[in-house]
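Comments concern the structure below.
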Protein chains: 2
Amino acid sequence: MASQHDPRQNHLLAALPRDEYQRLAPHLERVELTLGESLVESGKVMRHVYFPTDSIVSLLCVMEDGDSTEIAVVGAEGIVGISLFMGGETTPGRAVVQSAGGAYRLKGQLLKDEFDRASTLQYLLLRYTQALITQMAQTAVCNRHHSLDQQLCRWLLLSLDRLPSHELVMTQELIANMLGVRREGVTESAGKLQKAGLIAYHRGRISILDRPGLEARVCECYAVVKKEYDRLLSYQRPG
Amino acid sequence: MASQHDPRQNHLLAALPRDEYQRLAPHLERVELTLGESLVESGKVMRHVYFPTDSIVSLLCVMEDGDSTEIAVVGAEGIVGISLFMGGETTPGRAVVQSAGGAYRLKGQLLKDEFDRASTLQYLLLRYTQALITQMAQTAVCNRHHSLDQQLCRWLLLSLDRLPSHELVMTQELIANMLGVRREGVTESAGKLQKAGLIAYHRGRISILDRPGLEARVCECYAVVKKEYDRLLSYQRPG
DNA sequence: TCGCTTCCGTGCGTTAGCGTACATGGCATG
DNA sequence: CATGCCATGTACGCTAACGCACGGAAGCGA
C-alpha cells in the first residue's frame, strides 16, 4: 500500500515493474507545486519531468498578444515534459499548475536513459502520449463546435477526475484563461450551473454538488477523452 | 538523386541510414491515394502506415453529428498512422486524403519491429510526433482566437508547403469541413483573398498568385508551426 | 443539345461571444 | 474599524459566424 507520500500515487510510476522502479526511485524528488507555478516555459530547455500525484497541471498554448488556451490537462495519470523523451527538448507551449499539490520530479537525462532501454517505461510513456494527443484533438474540436456552457462542464469534469475532493480552488478569471474566453463569459456559464444547483461558487472555490448533472450537460468530448484514457492506460502489457 | 518514384521522396524515409532503409525498402508498397480516400477510420485497427511522397493527408476529428475539424496535416515530411508505434493501435480520429498523389505503405508490424530496435527510425518518428503535437496545439489555439480569414490563410500555406505546385484541387465545401466552419464562410473569406489578388478560384481549383501576400495576412500560428517543424525535422542526429 | 449535378456567390435574420464599463460584496491588511 | 483589492455579477452595443434559402454558372453525360 502507498504511504501518504509515495511516488506510486502517480499511475505511470505505479505501473512500472519492480526493477525499473527501483532504478528510478532514488532519483525521484518530491516537490510541492503551488497554484500558478510554471513548470515549462515556452522554448526553454527543461531539466526535469514531473509526475503529479495529487496536483493538476495545465498545458497551455500562449500567443503573442497574451491570449491563451488550454491544450490538455495532466494529473496523477500522467507526466509533464513529454518533449524530453520525444526528442525535442523544448515545446512552444507552457505548463502551469492548475491545482496545488504534490509531484515527483526526475532529472530529464535519467528519464531519457531509462526510456532508451526499450523498457516498460517507454511502453507506458508512449501510450500515455497517445492519450494526450487524443485529449488535444478533442479539445480542438470542442473549441470549434461546442458552446461555452458545454466546455465549462467538460473542463470541470476533467479536473474533477484528477482530484480527490469535490472542491476546486480556481477563480473564474483563471478558468477563462484556460478555456480561452472572457472572464465574464465564465461568470455567466458558471451562474447557470449554480442556478441549476450543480455547483456552488464562492470566491475562488468551486464545490461540485451534482456530478451526474454535469455529465448530463457535457458534450460528447468528455466521454471520448475519458474512454480513450481508460483504454490506453489500463496497462495490460502484451508480453 | 531520386528517380520519379522513390520512397525517399518522403523525408522520414530519406533520413534513414542505409542499413535501416534497406531492411524496410523491400516491404514498401507504392500506392496512389485518391482525393477523399480514408486511410484511417475512427476506432478501426490499422494494418499499414503511410509515408506520403506527393500527397497530402488530413487528420480529422469527427463528432457524432458529423461536424468535423482538421487537427493536423501530413505531407512528405511525415507519416500517417502514428498510433501503430505509439502503442494504441487505433485513434478516435480519421485520416482523409486531402490532395491526391503517391505514398508508400508499410505493414504495421514491420514498422513496429523496426521502431522497437531503438533505431534511427524511432528517433525520427518520435521527433516527428512531437512536431505533430505542436501543430495540433497551435491549431486548437488558432481555432479559438483567430478569424476565419486568418485561418484560411494558414490552411492554404500549410497545404502549399506540402505541394510541388501552386495549385490545389479542393472545393470550398471540403475546406469548410477541414476548418470546421460553414461553406458560405469559406466562400466569403476566399472571395476577399481573390479580390485582393492573392488567389484565383475556379470550380475546385485554387491557384496561389501571391504567396507573400498570404504570409502577410496569416496569423502567427503558421510561423510557430513551421519553425517547430524546421527545428525538429532537420535531422542532425546527436551521435 | 438538353438536363442534371456540382460548385460558387449572395442575402437574409439570428446568436454566441466579445470589449467595455461599472457595481457590489468579501476578505485581508493596516 | 477604515481602506483597498480582488472575485464576482451585470449591462449594453458590437461583430463574426451561424442556419437557411435561393440563384446562377460551369461542367458532364445522355
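Keep in mind that what you see is a predicted model, and the values were worked out from it rather than measured. Numbers restart at 1 for each chain; the letters A, B, ... are given by sequence-line order, proteins then strands.
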Nearest to side-chain heavy atoms of B:T187, which nucleotide of C:dT10, C:dT20, D:dT8: C:dT10
So which one's nearest nucleotide on DNA chain C is more toward 5', A:G180 or A:R203? A:G180
Does the ring of A:Y50 carry A:R30 above it, NZ/CZ under 6.0 angstrom from centre and within 45° of its axis? no
Rounded to whole Å, the CD-P distance (A:Q151 to C:dG17) equals 8 Å
Presence of donor-acceptor pair under 3.5 Å, side chain of B:E184 and base of D:dC20: yes
Measure CZ/B:R205 against C1'/C:dC8 and give the value in whole Å, please. 16 Å
Over how many whole Å does the gap from A:Q194 atom CD to D:dG9 atom P extend? 6 Å
Side-chain donor or acceptor of A:R183 under 3.5 Å from a matching atom on the base of D:dG9? yes
Is the number of heavy atoms from other residues, nucleotides or ligands under 6.0 Å of A:E188 CD greater than 12? no
Can you name the nearest heavy-atom pair linking B:L193 to B:C153, along with the distance? CD2-SG, 4.0 Å
Would you call B:R217 and B:D149 a salt bridge, taking side-chain N to carboxylate O under 4.0 Å as the test? no
Rounded to the nearest angstrom, tell me the gap between atom CZ in A:R182 and atom P in D:dC12. 14 Å
Which part of the nucleic acid does A:G204 contact within heavy-atom distance under 4.0 Å: base, sugar-phosphate only, or nothing? sugar-phosphate
Taking NE2 from B:H146 and P from C:dG17, how many angstroms apart are they, rounded to a whole number? 18 Å
Check whether any side-chain N or O of B:H145 sits under 4.0 Å from OP1 or OP2 of C:dC18, and answer yes or no. no
Rounding to an integer number of Å, can you tell me how far A:Y201 OH sits from D:dG9 C1'? 12 Å
Hey, is the side chain of B:H202 poking within less than 4.0 Å of OP1 or OP2 on D:dA25, counting only N and O atoms? no
Please give the angle, rounded to 10 degrees, between the axes at the start and the end of the helix from C:dT1-D:dA30 to C:dG30-D:dC1, where five pairs define each axis. 30°
Measuring from the side chain of B:S147 (C-beta onward, heavy atoms only), which nucleotide among D:dC20, D:dA17, D:dT10 has the closest atom? D:dA17
Given the rule in the side-chain hydrogen bond (donor to acceptor under 3.5 Å, both in side chains) test, do A:T69 and B:H145 qualify, once you have shown the distances and angles that lead to the verdict? CA-CA 9 Å; A:T69 296; B:H145 293 290; 3.2 Å; yes
If we check salt bridge (Lys or Arg N to Asp or Glu O under 4.0 Å) with B:E29, which of these qualifies: B:K107, B:R105, B:R47? B:R105
Protein-nucleotide distance (B:R144, atom CZ; D:dA17, atom P), rounded to Å: 13 Å
Interatomic distance where CD1 belongs to B:I199 and C1' belongs to C:dG9 [whole Å]: 14 Å
Side-chain N,O (B:Q172) to OP1/OP2 (C:dG9) below 4.0 Å: yes
Is there a side-chain contact between A:R183 and A:N177 in this structure, where contact means two heavy atoms from C-beta onward sitting under 4.5 Å apart? no
